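Just so it is clear, the structure is predicted and the values come from calculations on it, not from any experiment.
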Amino acid sequence: QVQLVESGGDLVQPGGSLRLSCAASGIIFSLDTMGWYRQAPGKEREFVARITSGTMTNYADSVKGRFTISRDSAKKTLYLQMNSLKAEDTAVYYCNLRRFTTDYLGRETQSDYWGQGTQVTVSS
């Protein structure tokens, strides 16, 4: 089983910085990818950043240049360094692990695992 626990959310002023962490338990496979999503009240959950097992990264345009995703495989921990925070960044941030599996016919499927989320509020 996989369990994800986020931490690091806080109330910060615009322009401030915050570092989110996601601790994973259980076995993490080589093909697993991990990422961060966020959801504001009344909005759908949206993609923020993702990192593959090969450390390739992808970012939403709204956070590119301000956020940095990284992972420590030995500690099984995912990070999101957030700089130059804006009010629009206010949301609950969720850690995600995407796992690819193969069924008995050899067809690939995927499963998403989520943490409970951590609140980030950017306000003066």
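In this view, Q3 satisfies the side-chain hydrogen bond (donor to acceptor under 3.5 Å, both in side chains) rule with no residue, not counting sequence neighbours.
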Chi angles and distances behind the salt bridge (Lys or Arg N to Asp or Glu O under 4.0 Å) call for D89, R66: CA-CA 11 Å; D89 296 318; R66 299 188 297 120; 2.8 Å; yes
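R50 pairs with exactly one of T33, N58, T57 by the side-chain hydrogen bond (donor to acceptor under 3.5 Å, both in side chains) rule, that one being T33. Partner of R38 under the side-chain contact (heavy atoms from CB on, under 4.5 Å) criterion, out of V63, V92, T118: V63 alone.
Within a 6.0 Å sphere centred on CD of Q39, heavy atoms belonging to other residues, nucleotides or ligands number more than 12. For CG of L11, the number of neighbouring non-hydrogen atoms (other residues, nucleotides, ligands) closer than 6.0 Å is greater than 12. In E108, the CD atom is crowded: over 12 heavy atoms of neighbouring residues, nucleotides or ligands sit closer than 6.0 Å. By the neighbour-count criterion of 12 heavy atoms within 6.0 Å, atom CD of E44 is sparsely surrounded, having that number or fewer from other residues, nucleotides or ligands.
Among residues at least two apart or in separate chains, there is no salt bridge (charged side-chain N to carboxylate O under 4.0 Å, His left out) pair with a member in residues 4-16.
For the pair R19 and Y79, the cation sits on the ring face: its NZ or CZ lies under 6.0 Å from the ring centre, inside 45° of the axis.
Annotation: side chain of Q13 is not in contact with side chain of S123 (no heavy-atom distance under 4.5 Å).
For the atom pair S21 OG and L78 CG, the distance stands at 8.5 Å (nearest 0.5 Å). Between atom OG of residue S73 and atom CG of residue D32 there is a gap of 10.5 Å, rounded to the nearest 0.5 Å. Taken to the nearest 0.5 Å, the CD1 atom of I28 stands 7.5 Å off from the CZ atom of R71. The structure places OH of Y37 at 6.5 Å from CG of D112, a figure rounded to the nearest 0.5 Å. In this structure, M34 CE and C22 SG are separated by 4.5 Å, a value rounded to the nearest 0.5 Å. Rounded to the nearest 0.5 angstrom, L18 CG and N83 CG are separated by 9.5 Å.
If you check the side chains of T109 and T101, you find a donor sitting under 3.5 Å from an acceptor. For S111 and R99, the side-chain atoms include no donor-acceptor pair closer than 3.5 Å.
One hydrophobic cluster, built from ILVMFWY side chains closer than 4.5 Å, cannot hold both Y94 and L20; they sit in different ones. Both L80 and Y113 are members of a single hydrophobic cluster when ILVMFWY side chains are connected at heavy-atom separations under 4.5 Å.
Looking at every heavy atom in both residues, V48 comes nearest to F67 through CG1-CD2, 3.8 Å. Across W36 and I69, no two heavy atoms sit closer than the pair CD1-CD1, 3.7 Å. Residues A24 and L4 come closest through the heavy atom pair CB-CD2, 3.7 Å. What you find for G26 and K76 is that their closest heavy atoms are O-NZ, 2.6 Å. Nearest heavy atoms, S17 versus S84: OG-N, 4.4 Å. Taking each heavy atom of S124 and P14 in turn, the nearest pair found is N-CD, 3.8 Å.
Distance alone, capped at 3.5 Å, places no donor-acceptor pair between the T102 side chain and the G106 backbone.
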